[in-house]
K.L.:
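Okay, handing you the structure first.
Proteins get letters first, then strands, A, B, ... in listed order; numbering begins at 1 in each.
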Amino acid sequence: MPEFQILDVDYIIVNERPVIRIFGKDSEGSTVCGFYEDFLPYFYVLGDDAKKLLEHEAQVLKIEQVERKVIGAKNGKPVYKVTLKNPAKTSEIREELRAKGAEPFEADILFKYRFMCDFGLSGLGWVKTSDGNGIATDTVNVDKKFKVSEIKPLKKEEDSQLKLMAVDIECVPLKEGLAPDAKKDPVVLISMGFNGSYKGKKEIVLGTKADKDVTGFENEGEMLGEFIKIVNEYDPDMITGFNINNFDIPYLLERMKQNGIKPIFGRCKQKFVTATKMVSRYKVNIVGRIMVDSYEIVKRDFSLKRYDLGSVAENLLQEKKDNVKHSQIEKLWKGNQEDLRKLIAYARKDAYLAMELVVRLNLLDKYIALAKISGTLLQDTLIGGETSRVENFLLREFNKEGYVFPCKPQAWEIGRREGLVKVELKGGFVLEPERGLHSDVVVMDFRSMYPSIIRSFNICPTTLVRNGDGNTIKTPSGAEFLPKEVKQGIIPRILEELMKRRQAVKKKLKQTEDVYKRKSLDAEQWALKIMANAFYGHLGYPRAKIYDLEIANAITSCGRDIIQKTKGMIEKEFGYRVVYGDTDSVLVKLPMEDLNEIKQKAGEIANYITKQLPVGLELDFEKIFKRFLPLTKKRYVAWKFEETAAGWAEGIEMKGVETIRRDWCQLVSEAMGNVIEILLKKSDVKESVKYFKGVIEDLLKGNVPLQKLVITKTMTKPPRNYAGMQPHIELVKKIQLRNPAEAPGIGDRIEYVIVKGTGLLSKRAEDPVYVMDNGLQIDSQYYIENQLMPPLERIFAVLGISKSELLGNGKQMGLMDILNNHHELVMARDLNLEEVTGFVCEKCSRIYSRPPLTGSCECGGPLLFSSPQGVSKSVLAETPM
DNA sequence: TGCGAGCGGGG
DNA sequence: GTGTACGCTCGCA
């Protein structure tokens with residue numbers, strides 16, 4: 001009885017009948033392909049005259065009335081199951097039916113997924129098949145091929161060892177400085193890396209020139225032929241590379257076409273490898289192999305400033321990419337032996353890095369877990385978003401309970417929904433943050449709030465009641481659902497199972513020591529959480545098959561209700577202030593400083609609240625903000641303390657605040673980070689202003705290293721094609737005149753600084769090296785006004801410090817002036833004037849650098865002096881207000 | 001502040 | 001291939 005893990009599924013037509021092929025790998029490392037012959041495409045259609053409509057269709061093998069439920073039960077209209085001969089004809093028949101007013105269901109499910117769904121199979125899931133006879137077909141390139149008449153999923157945890165190969169190409173444009181054109185410009189190098197070894201080698205570079213580290217070929221065609229041969233002989237389960245989906249593979253395929261070579265390097269010897277252009281990307285299909293584009297995964301899983309291979313390797317692998325600019329490649333290729341070797345080393349390293357990313361960062365763990373849980377093939381979890389996973393999963397669950405699943409909405413319907421969602425979908429409740437720099441704030445949140453709400457209120461399209469008889473669960477939005485006792489919804493049931501499974505996996509994780517097992521268990525619990533959290537979003541997503549705004553709104557209305565009730569209870573029952581909250585969290589200011597005391601108090605509050613709310617909703621202690629500075633709704637900075645196994649861990653948390661933007665120079669990120677740190681950790685507004693003024697002074701005096709002032713932008717098209725004036729493009733034009741040989745090409749990143757002068761800003765962009773060599777002056781005013789000020793002004797503004805104060809050119813009031821103007825403020829005897837950094841309201845903690853004319857806070861509360869040591873207690877005690 | 005265009009990665 | 005699949009950032013109004 002063959003047992004193997006599924007890598008890919010497709011079908012072929014044999015004697016006018018479809019045959020499903022299941023490609024996989026067994027535990028001995030053999031590649032297998034099972035052929036399943038008795039599966040036919042089918043779908044459902046709703047309507048009285050559906051049968052009549054299809055009678056004349058030659059494609060239709062069978063049409064039978066079936067007992068199936070339809071969401072929102074449309075008064076017992078009959079449901080027909082329609083079985084066809086050829087999967088490829090389904091869409092035709094579907095559209096025909098639609099045109100005649102019938103409603104098709106499950107008529108847009110890929111044939112392979114129809115099969116996988118009906119047999120409960122998953123990408124990378126294990127299966128056990130009947131003992132099939134081997135078949136003497138020469139169409140597939142696998143170790144074992146056999147007929148399958150029975151197939152079922154198998155519980156097995158460990159994964160087979162998968163073979164991985166990395167690919168990177170270099171090509172040389174015929175037209176200098178322009179992006180390569182796959183129709184004309186040949187590939188000159190193909191670099192490959194193997195996680196195993198091929199003919200004893202870990203890496204191979206092919207080229208149309210020979211040298212010591214490259215296998216040379218007479219022409220491009222021969223080299224491409226060798227590439228195909230190597231892929232088929234090494235026979236990888238997965239092919240990786242950096243941006244291969246959108247560059248290397250489509251490029252190679254086009255070159256093969258130009259050279260009259262058949263692109264056959266999948267596990268089917270008849271099907272071409274294809275790259276289909278979608279809206280703005282290619283989708284590569286290689287039968288039996290999985291495309292793993294490390295660029296696409298890294299971009300999704302890591303938050304970085306830039307995603308070019310150089311930055312990615314440096315940040316995530318602590319490795320340097322060879323420094324070769326795109327515009328240099330042609331020169332190196334056409335240059336001397338040393339140049340050529342440099343280019344070869346560069347190509348070699350790129351393939352190596354792409355593979356290292358996958359292996360060292362375990363990029364696949366999460367996606368393997370998602371594939372197994374959702375049922376999608378691994379290649380589809382790597383490309384598509386949440387939609388395909390959720391719908392694949394839901395299809396199975398709806399079918400299990402006798403429901404037919406809707407088709408995806410048509411274009412006009414999507415358009416209609418997109419308009420509606422914008423206007424009618426209400427999100428979470430965001431509390432107005434209390435202004436000021438707060439201390440000792442505890443963050444509490446509802447774990448998995450939306451999944452818990454769905455379970456608690458039994459929210460599901462299958463339990464929605466449109467004209468209830470009273471025995472329903474009412475949500476604050478007005479939508480009503482059947483109680484669980486009457487009928488448990490499918491989505492609530494799924495969530496219950498997913499959440500229980502996650503608890504079990506987490507428990508197992510705690511008892512497991514083996515590093516590899518831990519990694520896969522951790523990925524599994526993560527994937528279970530991701531899946532559970534995906535259902536809410538899906539209901540409000542215009543392209544979803546089970547989109548329902550009424551239900552999405554019911555969920556968020558419960559959330560808003562719960563968070564407001566929570567805030568009310570904390571304020572009323574405990575007398576503490578909720579200074580902020582967003583969707584599923586509340587931030588509470590507590591009157592104690594000790595971290596453990598705060599945590600304990602938070603636990604008490606959380607327990608109390610949890611008892612008052614619907615079952616299943618649980619408020620939890622999350623972390624402590626020793627200092628919390630809200631800027632606006634959804635944007636704040638905080639000094640956080642989180643509890644870890646090793647004790648309290650501190651750090652700075654920023655939400656919605658951009659500290660790194662690619663069009664800012666290093667000085668900005670640095671200044672911003674420092675200002676925030678001084679504010680949060682020292683709670684010292686005056687010092688942060690002083691620091692900021694120091695930065696400006698350094699800038700004016702020319703004391704800032706040039707490197708910190710460099711701004712980088714990419715030139716994406718030829719300079720003449722830019723409509724407006726842009727600094728980096730104007731600089732390129734200048735360099736083209738000055739030194740054409742050094743001029744950057746398309747795709748190059750241009751570094752520039754802005755120098756002093758009279759002309760337009762964009763005309764004053766200069767090459768940093770040129771500035772250095774010629775001793776040009778930096779335009780400090782530009783850096784102050786356009787770089788430093790915009791982000792920092794917003795932070796200082798919430799502390800009551802204006803731009804003119806920061807720049808020191810407005811009228812600045814000294815402390816003595818303030819005291820003279822405000823006789824009601826009395827200085828404590830033992831408080832040194834020099835130490836006073838500002839004023840703080842005793843009641844609401846709002847901070848002022850100088851007090852309002854009334855002498856008291858806007859909220860009416862009395863003002864206290866503040867100093868680096870915090871608010872002076874002696875002032876508090878001795879100031880007669 | 002909201003909207004539409006256009007770019008990203010690769011060479 | 002029962003295909004039609006982004007998502008953010010910037011500039012402009």
K.L.:
Return the value, rounded to whole Å, for the distance between atom NZ of A/Lys271 and atom P of C/dG1.
P.N.:
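The distance from NZ of A/Lys271 to P of C/dG1 comes to 8 Å, rounded to the nearest Å.
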
K.L.:
Just the rounded figure in Å: distance from C1' of B/dG9 to CZ of A/Phe302.
P.N.:
17 Å

K.L.:
Return the set of residues passing side-chain contact (heavy atoms from CB on, under 4.5 Å) with A/Lys763 (not counting sequence neighbours), or none when no residue passes.
P.N.:
A/Met725, A/Glu730, A/Leu760

K.L.:
Indicate, with a heavy-atom threshold strictly under 4.0 Å, whether A/Tyr346 touches base, sugar-phosphate, or nothing.
P.N.:
sugar-phosphate

K.L.:
Applying salt bridge (Lys or Arg N to Asp or Glu O under 4.0 Å), run through A/Asp339 and A/Lys334 and close with a yes or a no.
P.N.:
CA-CA 8 Å; A/Asp339 288 337; A/Lys334 292 177 176 164; over 6 Å; no

K.L.:
Need one value for A/Ile169: base, sugar-phosphate or nothing, where a base atom within 4.0 Å counts as base even if backbone is also close, heavy atoms only.
P.N.:
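Counting heavy atoms under 4.0 Å across all strands, the contact made by A/Ile169 is with sugar-phosphate only.
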
K.L.:
With sugar-phosphate meaning primed atoms plus P, OP1 and OP2, does A/Asp181 contact a base, only sugar-phosphate, or nothing at under 4.0 Å between heavy atoms?
P.N.:
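Result for A/Asp181 = nothing.
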
K.L.:
So A/Tyr11, base contact, sugar-phosphate only, or nothing? Heavy-atom distance under 4.0 Å.
P.N.:
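A/Tyr11: backbone/sugar contact only, no base atoms under 4.0 Å.
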
K.L.:
Can you name the residues that form a side-chain contact (heavy atoms from CB on, under 4.5 Å) with A/Lys366, not counting sequence neighbours?
P.N.:
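A/Lys366: side-chain contact (heavy atoms from CB on, under 4.5 Å) contacts with A/Asp301, A/Trp526.
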
K.L.:
Under 4.0 Å, counting only non-hydrogen atoms across every strand here, what does A/Leu84 touch: a base, just sugar-phosphate, or nothing?
P.N.:
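Nothing: the residue A/Leu84, judged by heavy atoms under 4.0 Å, touches no strand.
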
K.L.:
Salt-bridged, A/Arg114 to A/Glu106, with N to O below 4.0 Å?
P.N.:
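Salt bridge: yes.
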
K.L.:
A/Glu296 has an atom CD; how far is it from atom C1' of C/dG7, in whole Å?
P.N.:
13 Å

K.L.:
Given the C1' atoms of C/dT2 and C/dC6, what is the spacing between them in whole Å?
P.N.:
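To the nearest whole Å, 23 Å.
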
K.L.:
Do A/Phe39 and A/Tyr11 make the cut of ring centroids closer than 6.0 angstrom?
P.N.:
no

K.L.:
State which residues pass side-chain contact (heavy atoms from CB on, under 4.5 Å) with A/Arg417; sequence neighbours excluded, sorted by chain then number.
P.N.:
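A/Arg417 satisfies side-chain contact (heavy atoms from CB on, under 4.5 Å) with A/Pro409, A/Glu413, A/Pro542, A/Tyr547 only.
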
K.L.:
By the 4.0 Å heavy-atom rule, please label A/Asn285 as base, sugar-phosphate, or nothing.
P.N.:
sugar-phosphate

K.L.:
Whole angstroms only, please: what is the CZ-C1' distance between A/Phe405 and C/dT2?
P.N.:
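Rounded to whole Å, this separation is 15 Å.
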
K.L.:
Would you call A/Lys183 and A/Asp181 a salt bridge, using N to O less than 4.0 angstrom?
P.N.:
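Salt bridge absent between A/Lys183 and A/Asp181.
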
K.L.:
Can you measure A/Leu309 atom CG to B/dG10 atom C1' for me and round it to whole angstrom units?
P.N.:
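So the two atoms are 10 Å apart, to the nearest Å.
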
K.L.:
For A/Lys349 and B/dG10, give me the distance from atom NZ to atom C1', rounded to whole Å.
P.N.:
18 Å

K.L.:
Can you tell me which nucleotide in C/dG1, C/dT2, B/dG9 comes closest to the side chain of A/Phe111?
P.N.:
C/dT2

K.L.:
Show each protein N/O and nucleotides 1-8 of chain B N/O combination with a separation under 3.5 Å, one pair to a line.
P.N.:
none

K.L.:
Could I get a table of every N or O pair under 3.5 Å where one atom is in the protein and the other is in nucleotides 3-5 of chain C?
P.N.:
| from | atom 1 | to | atom 2 | distance (Å) |
| --- | --- | --- | --- | --- |
| C/dG3 | OP1 | A/Arg94 | NH1 | 3.0 |
| C/dG3 | OP2 | A/Arg94 | NH2 | 3.2 |
| C/dG3 | N2 | A/Thr276 | OG1 | 3.1 |
| C/dT4 | OP2 | A/Lys408 | NZ | 2.5 |
| C/dA5 | OP1 | A/Arg543 | NH2 | 2.8 |

K.L.:
Not counting sequence neighbours, which residues clear side-chain contact (heavy atoms from CB on, under 4.5 Å) with A/Tyr541? List them please.
P.N.:
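For A/Tyr541 the side-chain contact (heavy atoms from CB on, under 4.5 Å) partners, ignoring immediate neighbours, are A/Thr387, A/Arg543, A/Ala544.
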
K.L.:
From the options A/Asn243, A/Ile169, A/Val284, A/Thr274, select the one residue that forms a side-chain contact (heavy atoms from CB on, under 4.5 Å) with A/Ile249.
P.N.:
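Result: among A/Asn243, A/Ile169, A/Val284, A/Thr274, A/Val284 is the only option passing the side-chain contact (heavy atoms from CB on, under 4.5 Å) with A/Ile249.
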
K.L.:
Taking the P atom in each of C/dT9 and C/dA5, what is the distance between them to the nearest angstrom?
P.N.:
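Between the two P atoms, the distance is 23 Å.
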
K.L.:
May I ask you to say what A/Phe242 touches in the nucleic acid, namely base, sugar-phosphate or nothing, with a heavy-atom cut-off under 4.0 Å?
P.N.:
sugar-phosphate

K.L.:
Just to be sure I understand the rule, does A/Asp168 reach a base, reach only the sugar-phosphate, or reach nothing, if contact means heavy atoms closer than 4.0 Å?
P.N.:
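Sugar-phosphate contact only.
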
K.L.:
Kindly indicate, with the supporting measurements, whether the criterion salt bridge (Lys or Arg N to Asp or Glu O under 4.0 Å) is fulfilled by A/Glu296 and A/Arg281.
P.N.:
CA-CA 11 Å; A/Glu296 290 187 335; A/Arg281 342 171 66 78; 3.0 Å; yes

K.L.:
Can you check the A/His728 NE2 to C/dC10 C1' distance for me, whole Å?
P.N.:
12 Å

K.L.:
Separation of A/Arg255 atom CZ from B/dG10 atom C1', in whole Å?
P.N.:
16 Å

